[in-house]
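These values consider heavy atoms only, across backbone and side chains, with no hydrogens, waters or symmetry-generated copies.
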Amino acid sequence: MAFANKSKKDEYMSKKVLIVGGVAGGASCAARLRRLDEKAEIILFERGEFISFANCGLPYHIGGVIKDRDELLLQTPESFYARFNVDVRIYNEVIDIDRANKIVKVIDRAKGSEYMESYDVLVLSTGSSPMKPPIPGIDNEGIFQLWNIPDMDRIIEFMNKKTVRKAVVVGGGFIGIEMAENLIDRDIEVTLVEMLNQVMAPIDFDMAQILHSHMTEKGLRLVLEDGVSEFKQKNESIIVKTKSGKEIAADMVVLAIGVVPNSQLLKASNLPMNRRGGAIIDEYLRTEDENIYAVGDMVEVVHFVNGEKRMIPLAGPANKMGRMAADNICGMNRKYNGSQGTGVVKVFDMTSASVGLNEKDLKNAGKEIRKDYRVTVIHPGSHAGYYPGASTITLKLIFDLNGKILGAQAVGYEGVEKRIDVIATAQRLGATIYDLEELELNYAPSFSSAKDPVNMAGYTAENILSGTIDNITCDQLADYRDAVILDVRTPEEVSMGAVPGYLNIPVDSLRDRIQEVPVGRPVVVYCRVGIRAYIACRILMQNGFNEVYNLAGGYVSYSTINSDFTFKG
């Protein structure tokens, strides 16, 4: 063994390790295991042809952004053997496990034969598969799913043979959005059908509305809160019928409606599963059987923030789990401390990123805003406003009453993922919103501001918890029907749109006109993004007004949230 935890070195002996499944989890496990133990016998089984490929890049090859298909192939069986001395067996599917005798049954699809293989340790990395619900007509040859290289090849072959002018994408998650963008880049008219009232479930509706606006500007037709009830062939077109009765004609359809874990081996070997078919593992990534590990999309993990058990099928956690399983096989006793669900997606010219819990998670758990958690929404620039090219980032921070960071979301054109990565790091290390205030982050006018958006999120959160300011979110505004709605923008800004029932007093005139603000009622103050409203709130609070709230995100958030971006055709 080349390297091992010293306390376990004398106990460890090289083992025969079978790994079922490649790509993120399995291939990472095999590579790490070989780096730790030159003498271990490692066999990797893959039921398909490809053991390691860039599945996140598949839509971009379809769209022509990634020109060369081979760029997506990270390792071949030959290169993996040459580099890591791993016996890679493609087209070999493990179909059963004899746990008592530590033997697996394998079908060699290429030869049409079966054989048995013994193991000391078994690693399951069977991943997940795209959902295919029993919708009438779903087996139409023009309906595709995108999950691997063969899926991608079939889509490209179909598009090369048939003129595709119209397409429907079903599902508004990562793959659905990426496919919609790349099809539009090929001058195809695209309609996206999503059963929820928003795309990108990891973020909240108020943040998704920013994406909805941008997507429709780019020509994408959004059909939200509507599922598919039937697919019908009509002449050369596929008719996508929705549950609301819409009929959308398309030359091809791409399904991207979620994934399910590949749990066949778990069932065959009577290993415990959750209700979704995910493998139940301990903190060391072991199943009930101490000789069997499970990693990647197929496992139930602990959410890092609240300890809840859930499925988080992301490439980053899968890679980390694969590496950690190898460490533990070699006696290092590494604990997997949970997943934060950190994710990012390119949406045409915009970026959406998030980490941790969102408001939907909290509300589903019975939590109440103001009582159990608080929210701040800011619209800072991506860098200093006086330096050319700055764009707006919308940053939402969710925190509890002690300042613990529960989650964050950001949408914008530049610098979005950087801010979420910083907050994700802070969250992982147990930092609070008070620490966000003090982070010393890089500043130059072309990159950020002296007060970085992450600092600003910390400042505004601290103001809320300290009582310096109070706020309500746009979706809470309906609960304040008797409030004075004070608009502190200029009259010119107000003429472009305002919250109904507003009283307009520009912030710079508020001290002189404060007697115009009715007393004895709550006052909800707003401006464009919240900064002038914050100043106005402080003026009011120090002049005898006791119940004063800043409208989080200002009119920018209010107008976006209350717009309808769905396709009406």
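A 4.5 Å side-chain heavy-atom check between Asp206 and Thr394 finds every atom pair outside the cut-off. Contact check for Leu477 versus Tyr558: side-chain heavy atoms found under the 4.5 Å cut-off. Within the 4.5 Å cutoff, no side-chain heavy atoms of Met207 are placed close to those of Met200. Between Phe144 and Met179 there is no side-chain heavy-atom pair separated by less than 4.5 Å. A 4.5 Å side-chain heavy-atom check between Phe50 and Pro150 finds at least one atom pair inside the cut-off. Within the 4.5 Å cutoff, side-chain heavy atoms of Glu189 are placed close to those of Arg221. Side-chain contact between Phe174 and Cys56 is absent, with no heavy atoms from C-beta onward closer than 4.5 Å.
Each of Val345, Leu220, Leu192, Val347 was checked for a side chain to side chain contact (heavy atoms under 4.5 Å, CB included) with Val199, and the lone residue meeting it is Leu192. Partner of Ile433 under the side chain to side chain contact (heavy atoms under 4.5 Å, CB included) criterion, chosen from Asp400, Ile398, Leu465: Leu465. A side chain to side chain contact (heavy atoms under 4.5 Å, CB included) with Ile464 is found for one member of Asn550, Val375, Leu401, Ile469 and no other, namely Ile469. Remark: of the listed residues Arg419, Lys418, His383, Arg419 is the sole one forming a side chain to side chain contact (heavy atoms under 4.5 Å, CB included) with Pro453.
The heavy-atom pair separating Val23 from Phe53 by the smallest distance is CG2-CE2, 3.8 Å. Closest heavy-atom contact between Gly458 and Leu436: CA-CB, 3.9 Å. Closest of all the heavy-atom pairs between Ala461 and Leu397 is CB-CD2, 4.1 Å. Residues Pro59 and Asn182 share a closest heavy-atom pair of O-CG, 3.1 Å. Shown here for Gly385 and Ala390, the closest heavy-atom pair between the two residues is CA-CB, 4.3 Å. A pairwise comparison of heavy atoms in Pro445 and Tyr443 identifies N-CE1, 3.8 Å as the closest pair.
With hydrogens and angles ignored, the 3.5 Å screen pairs a side-chain donor or acceptor of Ser559 with a backbone N or O of Tyr555. Side chain of Asn455 to main chain of Leu439: a donor-acceptor pair is present (N/O by atom type, distance under 3.5 Å, no hydrogens or angles). Not a single donor-acceptor pair under 3.5 Å links the side chain of Glu283 to the backbone N or O of Lys335. Remark: side-chain polar atoms of Gln427 are paired, donor with acceptor, to backbone N or O of Ile405 under 3.5 angstrom. No side-chain donor-acceptor contact under 3.5 Å links Glu547 to the backbone of Pro522. Using a distance-only test at 3.5 Å, with no hydrogens or angles considered, no donor-acceptor pair links the side chain of Ser213 to the main chain of Ile210. Under a 3.5 Å cut-off, the side chain of Asn358 and the backbone N or O of Pro202 do form a donor-acceptor pair. The main-chain N or O of Thr342 is never found under 3.5 Å from a side-chain atom of Gln340 such that the two would form a donor-acceptor pair. Asn463 places no side-chain N or O within donor-acceptor distance of the main-chain N or O of Thr468, the cut-off being under 3.5 Å. Side chain of Thr376 to main chain of Ala457: no donor-acceptor pair is present (N/O by atom type, distance under 3.5 Å, no hydrogens or angles).
For the salt bridge (Lys or Arg N to Asp or Glu O under 4.0 Å) condition, the pairs that include at least one residue of residues 461-475, sequence neighbours left out, are Lys363-Asp475, Arg370-Asp470, Arg374-Asp470. Every pair tested for salt bridge (Lys or Arg N to Asp or Glu O under 4.0 Å) that includes a residue from residues 548-557 fails, sequence neighbours excluded, so the list is empty. Pairs engaging residues 300-319 under the side-chain hydrogen bond (donor to acceptor under 3.5 Å, both in side chains) rule: Ser28-Asn319, Asn274-Glu300, Glu308-Arg310 [sequence neighbours left out].
For Ile539, the CD1 atom is densely surrounded, since the number of other residues' heavy atoms within 6.0 Å is greater than 12. No more than 12 heavy atoms of other residues, nucleotides or ligands sit less than 6.0 Å from atom CE of Met195. Tyr502 OH: 12 or fewer foreign heavy atoms inside a 6.0 Å radius. Heavy-atom neighbours of Lys367 NZ from other residues, nucleotides or ligands within 6.0 Å: at or below the threshold of 12.
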Verdict with supporting geometry, Ile188 and Met159, side chain to side chain contact (heavy atoms under 4.5 Å, CB included) = CA-CA 11 Å; Ile188 296 170; Met159 295 176 72; 3.4 Å; yes
Using the side chain to side chain contact (heavy atoms under 4.5 Å, CB included) rule, take Val164 and Arg186 through it: C-alpha gap first, then chi angles, then the decisive distance, then the call.
-> CA-CA 9 Å; Val164 177; Arg186 292 185 58 151; over 6 Å; no
Are Val377 and Thr473 close enough, and set up right, to give a side chain to side chain contact (heavy atoms under 4.5 Å, CB included), and what steps lead you there?
-> CA-CA 8 Å; Val377 180; Thr473 58; 5.5 Å; no
Does the pair Ile203 and Lys396 meet the rule for a side chain to side chain contact (heavy atoms under 4.5 Å, CB included), with working shown?
-> CA-CA 10 Å; Ile203 66 176; Lys396 179 176 185 176; over 6 Å; no
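Note that CH2 of Trp147 is 10.0 Å distant from CG of Leu58, once rounded to the nearest 0.5 Å. The distance from the CG atom of Leu486 to the CG atom of Leu551 is 11.5 Å, given to the nearest 0.5 Å. Taken to the nearest 0.5 Å, the CZ atom of Phe567 stands 6.0 Å off from the OG1 atom of Thr191. Here the straight-line distance linking atom CG of Asp349 with atom OH of Tyr413 works out to 6.5 Å at 0.5 Å rounding. Expressed to the nearest 0.5 Å, how far CD of Gln409 lies from CG of Leu395 amounts to 9.5 Å. Here Leu540 contributes atom CG and Tyr549 contributes atom OH; the two are 13.0 Å apart, rounded to the nearest 0.5 Å.
Asp435 and Thr432 share a side-chain donor-acceptor pair at under 3.5 Å. Side-chain contact check for His379 and Ser557: at least one donor-acceptor pair (N or O, by modelled atom type) lies under 3.5 Å. Side-chain contact, Lys568 with Thr566: a donor N or O sits under 3.5 Å from an acceptor N or O. Side-chain N/O atoms of Arg532 and Thr490 include no donor and acceptor closer than 3.5 Å.
Lys371 is linked by a side chain to side chain contact (heavy atoms under 4.5 Å, CB included) to Glu368, counting only residues two or more places apart in sequence or in another chain. Partners of Lys360 according to the salt bridge (Lys or Arg N to Asp or Glu O under 4.0 Å) rule, which considers only residues two or more places apart in sequence or in another chain, are Asp204. Looking at residues two or more places apart in sequence or on another chain, you find no salt bridge (Lys or Arg N to Asp or Glu O under 4.0 Å) involving Asp479.
A salt bridge does not link Glu181 to Lys218: none of the charged nitrogens lies less than 4.0 Å from a carboxylate oxygen. The pair Arg528-Glu493 does not meet the salt-bridge criterion, since no charged nitrogen lies less than 4.0 angstrom from a carboxylate oxygen.
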